[in-house]
Amino acid sequence: METADRLRLENQVTVTIIGPDGTTLYSAKGKGFHNIEEAINAAINDANLEVNPENCVFDVSNDSTDVSHRYRINAHGHLKLIV
C-alpha cells in the first residue's frame with residue numbers, strides 16, 4: 001500500500017531548520033534522498049549550524065506530494081515526528 005507521505009528518490013524535498021528561538025536558520029531543496037533522515041542530515045551538513053541540531057526543529061516538505069511534517073532529533077540521535 002502506498003501512502004501520501006512516502007519519500008521517493010525523484011521527489012523534490014525542502015528541509016527548513018528552525019532554531020531554538022523559532023527563527024529559520026537554513027533551508028535547502030534537493031532530490032535523491034532514500035529517507036527523511038538522509039534529507040535532514042544533508043541539510044545539517046550544509047548549514048554549518050552554530051547551535052546543537054538536537055535543539056532545532058526540522059520542517060521537511062515533500063514538494064512533489066505537498067506533504068510536510070516536523071521532526072526533532074532526540075538525545076539518542078534518532079528522529080522523532082512532532083505531533
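Numbering of residues begins at 1 and proceeds along the displayed sequence. Note: hydrogens, waters and symmetry copies are ignored here, and every other heavy atom, side chains too, is used. Note that the structure is predicted; figures quoted are calculated from it, not measured.
Not a single side-chain contact (heavy atoms from CB on, under 4.5 Å) links Asn48 to another residue, sequence neighbours left out. Asn45 pairs by the side-chain contact (heavy atoms from CB on, under 4.5 Å) definition with nothing, not counting sequence neighbours. Applying the side chain to side chain donor-acceptor pair (under 3.5 Å) rule to Lys29 yields the partners Thr14, Asp63; only residues at least two apart in sequence or on another chain are considered.
When each of Val67, Asn62, Asp66 is checked for a side-chain contact (heavy atoms from CB on, under 4.5 Å) with Ser64, only Asn62 meets the rule.
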Pairs of donor and acceptor atoms involving the side chains of residues 31-43, under 3.5 Å and at least two apart or interchain, shall be tabulated with distances.
from  : atom 1 : to    : atom 2 : distance (Å)
His34 : ND1    : Glu38 : OE1    : 3.3
His34 : ND1    : Glu38 : OE2    : 3.1
Asn35 : OD1    : Glu37 : N      : 3.2
Asn35 : OD1    : Glu38 : N      : 2.8
Glu38 : OE1    : His34 : N      : 2.9
Asn41 : ND2    : Glu37 : O      : 3.3

Atom pairs and distances, donor-acceptor, side-chain atoms in residues 15-26, under 3.5 Å, two or more places apart:
from  : atom 1 : to    : atom 2 : distance (Å)
Thr16 : OG1    : Ser27 : OG     : 3.3
Asp21 : OD1    : Thr23 : N      : 3.2
Asp21 : OD1    : Thr23 : OG1    : 2.8

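Aromatic ring pairs are classed by plane angle as parallel below 30°, tilted from 30° to 60° and perpendicular above 60°; the pair His78 and His76 is tilted.
Asn11 contributes no side-chain N or O that, together with a main-chain N or O of Val13, makes up a donor-acceptor pair within less than 3.5 Å.
Side-chain atoms of Leu7 and Val60, non-hydrogen and from C-beta on, never get closer than 4.5 Å to each other.
Atom CZ of residue Arg72 and atom CZ of residue Phe58 lie 9.0 Å apart, to the nearest 0.5 angstrom.
Surrounding CD of Glu10 are more than 12 heavy atoms belonging to other residues, nucleotides or ligands, all under 6.0 Å away.
Neither Val57 nor Leu79 shares a network with the other; the hydrophobic side chains, linked directly or stepwise wherever heavy atoms of I, L, V, M, F, W or Y lie under 4.5 Å apart, form separate groups for each.
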